[in-house]
Amino acid sequence: MQFEKPAAAASRRAPTFQANPAADARQLLGALLPRRPALRHVLQAHARLAVLGLATARALPYLLAALPRLPPGGAEACYSYPLSLFCHSSAASAFASNHLLRALPHPLPLRLFPRLPRRNPHSFTFLLASLSNHLLDADHAVGSSSASRFLGSHVHALAVKAGAAGDLYVRNALVHFYGVCGNVEAMRRVFDELPLVRDVVTWNAVLAGYVRVGMMANARELFDGMTVRDEVSWSTVIGGYVKEGEPEVALRMFRNMVMQGLRANEASIVTAMSGAAQLGLLEQGKFVHEVVRRAKMTVSVNVGAALVDMYSKCGSIAAAREVFDAMPRRDVFAWNSMICGLASHGLGNDAVELFEKFVTEGFSPTSITFVGVLNACSRTGLVDEGRWYFRLMSEKYGIDSEMEHYGCMVDLLSRAGLVQEAIDLIEGMHIVPDPVLWGTILSACKRHGLVDLGITVGNKLIELEPAHDGHYVLLASIYATAKKWDEVRKVRKLMSSRGTSKSAGWSMMEARGTVHKFLVGDMDHKESVQIYNMLGIIDRRLAEAGYVPNVSSVLHDIGDEEKIHAIKVHSERLAIAYGFIVVEAGSPIRIVKNLSVCGDCHEFSKMVTKVFSREIIVRDGSRFHHMKDGKCSCHDYW
DNA sequence: ATAGGGTTAG
């Protein structure tokens, strides 16, 4: 065995440590620190440098540069560390100053800025970023944000005075800042200022500014005019369409991007996935998942959570669970998606079980976790559990009850017939109750035959929201159960003179790679003739099996014959009939609706699943109906 | 140095 000479070994291990300690420290830090270091990583690295004798005054700025943005109002120790790094740095360089500005929480950078021994044009970038980040973090802390807006324009003025405003990075930071403020005019002014010093980041910042305030037409025009677009440009616009409730456009752009051979990054994957979830169409969601698979991307926590949400909102709760169980690491978002998903599919017991596991694994629930859990209890009729979790939320976790939580509780209680307890809850709320809560009470009155209370609540609601058709419909049907026909007529008349807010119902399904959308009595579809023939066949078989249309839910002032005719061509039935034509036997027929299923369509669909041994999965305005063998996962309550 | 992202009752 041969031995190296000690000197040679040493020089190979640390060839340049003697030559340039600062450069070595920098190199070592690069190897030591993860890509996005946390405070403790930097502290550990500092310790390593100290042990090696490399924690010199010249090396400290690099530690400063590696620090993450520290949280506002955090422990003072958090920011005394960056300050001491700065003070012990030998060169009071602009580099060290700038990274100090970056590490410290708002408003310290603003206070320190005038006193920094060295500044350069870059310093404005750091300062503006600090302001922008603060605005983004605390978008509801209105008081401090208006101050930040003012301070931002002040920094802008300082930059102009210092001759730094023409710097590309400073300009980009300014565009971003004004975008974050929602000050589109100022943003645009900086963007258009001569000389036109711009790069793709400038364009993307303006794009994001338009998206942030919902000016999608401007965003799109800008995007279309861009000569250089990168991944960020695409994901910004795709995310904008998702945010604006136009998932079809978002997904079309995502496909377009992929078809052009451009790389889908994590942001565009996550936003497109959320678009597919919003749309509810499984094939669209699977396409996005397929892009992840083909790119051989590792399923990160973010992508995993988005997948879970997409699969549950597209009606495949089993696929959602599969993805969730396979995730090596999960964050609160992933858990929340899974819990809420189980709840919306009527799997309340699974949701509650998962919540308990979540807590056992040491996670802290958020307000959204409780929306999921309470919703699960409500959908499954777990009254005691619901009361228990509602108390747990504030008493153990200190989470304030929000409208959504009250909504779940009112639904839970009134559904179980505990209408008075639900009313007491509403009346004891510390926030102004949403009229929808009273709407829940009203439908419970209908369900439980509480005529007098129903009449009081119904009239109150009509007074509160005269354009809301649903209130008239419910009130009239309550009068109808009490056989007060004169009152029924009055309410109907009132509705036709005032009510307007009823949106047209539609049903969607996808087949053969296309999306088909049906309206009531729709004749626009290319295969309309076949669809109506199929509907006729289904109707006859169902009639043989004893199905009788129930028109009590139709409140139009028309005869029974017409009502039956109207019900027979509800969009959902057209979609089901089309499903029989195009969906492969053995596969479920998947339908997405904008409104709630009407009572008779629900009965009809259930019966179809029994008579034809066909599975139907309907996503309506607020839940899923898995229908099979004549039974529905919603337990006939929606 | 600067731009983009997910979960929420009826």
Side-chain angles (χ1 to χ4, degrees), chain A residues 65 94-95 98-99 101-102 120-129 132 167-177 179-180 198-209 211-212 230-240 242-243 265-275 277 300-310 312-313 331-341 343-344 366-379 402-412 414-415 434-444 470 596 621-623 638:
Chain A
F95 177 83
N98 292 345
H99 282 96
L101 293 176
R102 199 185 81 101
N120 60 10
H122 298 183
S123 311
F124 290 99
T125 317
F126 287 90
L127 189 59
L128 286 163
S132 303
D167 179 89
L168 176 62
Y169 281 76
V170 174
R171 173 174 281 198
N172 291 349
L174 279 167
V175 170
H176 176 56
F177 169 78
V180 167
R198 297 161 169 176
D199 67 356
V200 69
V201 176
T202 332
W203 287 84
N204 288 346
V206 177
L207 210 50
V211 165
R212 191 167 284 115
D230 67 1
E231 295 166 5
V232 176
S233 329
W234 283 92
S235 59
T236 304
V237 180
I238 293 172
V242 172
K243 214 175 67 183
N265 60 2
E266 200 178 277
S268 63
I269 293 277
V270 169
T271 43
M273 204 82 83
S274 143
S300 66
V301 191
N302 293 334
V303 172
L307 274 167
V308 168
D309 183 50
M310 181 279 285
S312 51
K313 290 202 178 129
D331 64 358
V332 188
F333 280 94
W335 285 91
N336 285 353
S337 295
M338 194 67 239
I339 292 170
C340 294
S344 73
T366 66
S367 127
I368 291 166
T369 321
F370 279 104
V371 173
V373 174
L374 295 176
N375 187 24
C377 293
S378 147
R379 301 265 166 102
E402 292 161 18
M403 203 59 76
E404 288 84 349
H405 305 115
Y406 285 114
C408 295
M409 286 309 288
V410 170
D411 198 42
L412 170 82
S414 61
R415 160 189 184 150
D434 189 304
V436 177
L437 298 184
W438 288 108
T440 306
I441 299 285
L442 184 58
S443 38
S596 281
S622 55
R623 55 180 33 75
W638 69 95

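Lettering of chains follows the sequences in order, A, B, ..., and the numbering in each one begins at 1. All values below come from the heavy atoms of this structure, side chains included, with hydrogens, waters and symmetry mates left out.
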Exercise. Counting only distance, no hydrogens or angles, is the base of B:dG6 paired donor-acceptor with the side chain of A:D331 under 3.5 Å?
Worked result: yes
Exercise. What is the nucleic acid contact for A:N375, judged by heavy atoms within less than 4.0 Å: base, sugar-phosphate only, or nothing?
Worked result: sugar-phosphate
Problem set entry | Closest listed nucleotide, where the reference is the side chain of A:C340 and the choices are B:dT8, B:dA1, B:dG10 | B:dT8
For this session: Using atom CG of A:N204 as one end and atom C1' of B:dT2 as the other, report the distance to the nearest whole Å.
Result: 11 Å
For this session: Specify the separation, in whole Å, of atom CD1 of A:I339 and atom C1' of B:dT7.
Result: 10 Å
For this session: Quick one: label A:N98 by what it contacts on the DNA or RNA (base, sugar-phosphate, nothing), any heavy atom closer than 4.0 Å.
Result: nothing
Exercise. How is A:T440 classified with respect to the nucleic acid when contacts are heavy atoms under 4.0 Å: base, sugar-phosphate, or nothing?
Worked result: nothing
For this session: Please work out if A:M273 contacts a base, only the sugar-phosphate, or nothing of the nucleic acid, heavy-atom cut-off 4.0 Å.
Result: nothing
Exercise. Counting side-chain heavy atoms from C-beta on, which of B:dT8, B:dG5, B:dT2 comes nearest to A:A129?
Worked result: B:dT2
Problem set entry | Distance in Å, A:S123 OG paired with A:H99 NE2, rounded so as to fall on 0.5 Å steps | 11.0 Å
For this session: Mind checking A:V301 for me? I need base, sugar-phosphate or nothing, with any heavy atom below 4.0 Å counting as a touch.
Result: base
For this session: Starting at atom CZ of A:F333, determine the distance to atom C1' of B:dT8, rounded to an integer number of angstrom.
Result: 11 Å
For this session: Determine: side-chain N/O of A:R379 to OP1/OP2 of B:dG10, distance under 4.0 Å, yes or no.
Result: yes
Exercise. In whole angstroms, how far is the P atom of B:dG6 from the CG atom of A:D309?
Worked result: 11 Å
For this session: List in chain and number order the residues that pass salt bridge (Lys or Arg N to Asp or Glu O under 4.0 Å) with A:E404, two or more places apart in sequence or in another chain; answer none if no residue qualifies.
Result: none
For this session: Can you tell me the distance, in whole Å, between the CH2 atom of A:W234 and the P atom of B:dA3?
Result: 22 Å
For this session: Say whether, by atom type as modelled, one donor and one acceptor occur between the side chain of A:D434 and the main chain of A:L437 under 3.5 angstrom.
Result: no
Exercise. Distance check: side-chain N/O of A:N120 vs OP1/OP2 of B:dA1, anything under 4.0 Å?
Worked result: no
Exercise. If you check every side-chain atom of A:H176, which of B:dG6, B:dA3, B:dA1 has the closest atom?
Worked result: B:dA3
Exercise. Does the gap between the ring centers of A:F95 and A:H122 come in under 6.0 Å?
Worked result: no
Exercise. Of all the choices, B:dA1, B:dG10, B:dA9, which nucleotide is nearest to the side chain of A:L437 once you look at every atom?
Worked result: B:dA9
Problem set entry | Atom pair distance, as rounded to whole Å: CG in A:N336 and C1' in B:dG5 | 17 Å
Problem set entry | Side chain of A:K313 - closest among B:dA3, B:dT8, B:dG5 | B:dT8
Exercise. Between A:N375 and A:S378, does any side-chain donor sit less than 3.5 Å from a side-chain acceptor?
Worked result: no
Exercise. What about A:D411: does its side chain form a donor-acceptor pair under 3.5 Å with the base of B:dG10?
Worked result: no
Problem set entry | Between B:dG6 (P) and A:I269 (CD1): distance, integer Å | 14 Å
Seminar exercise, completed: From CG of A:L412 across to P of B:dA9 the rounded distance in Å is 15 Å
Exercise. Does A:V201 offer a backbone N or O that forms a donor-acceptor pair with the side chain of A:H176 under 3.5 Å?
Worked result: no
Exercise. Side chains of A:T271 and A:S274: is there a donor and an acceptor less than 3.5 Å apart?
Worked result: no
Seminar exercise, completed: Closest to the side chain of A:E404, out of B:dA1, B:dG6, B:dT8, is B:dT8
For this session: Return the nearest nucleotide to the side chain of A:D167; candidates are B:dA1, B:dG5, B:dA3.
Result: B:dA1
Seminar exercise, completed: Looking only at B:dA1, B:dA9, B:dG10, the nucleotide nearest the A:R623 side chain is B:dG10
Exercise. What's the closest nucleotide to the A:S274 side chain, out of B:dG5, B:dT7, B:dA9?
Worked result: B:dT7
Seminar exercise, completed: Looking only at B:dT7, B:dG10, B:dA1, the nucleotide nearest the A:V436 side chain is B:dG10
Exercise. Touch check for A:T236, heavy atoms < 4.0 angstrom, all strands: base, sugar-phosphate only, or nothing?
Worked result: sugar-phosphate
Exercise. Contact class for A:A306 vs. all strands (heavy atom < 4.0 Å): base, sugar-phosphate, or nothing?
Worked result: nothing
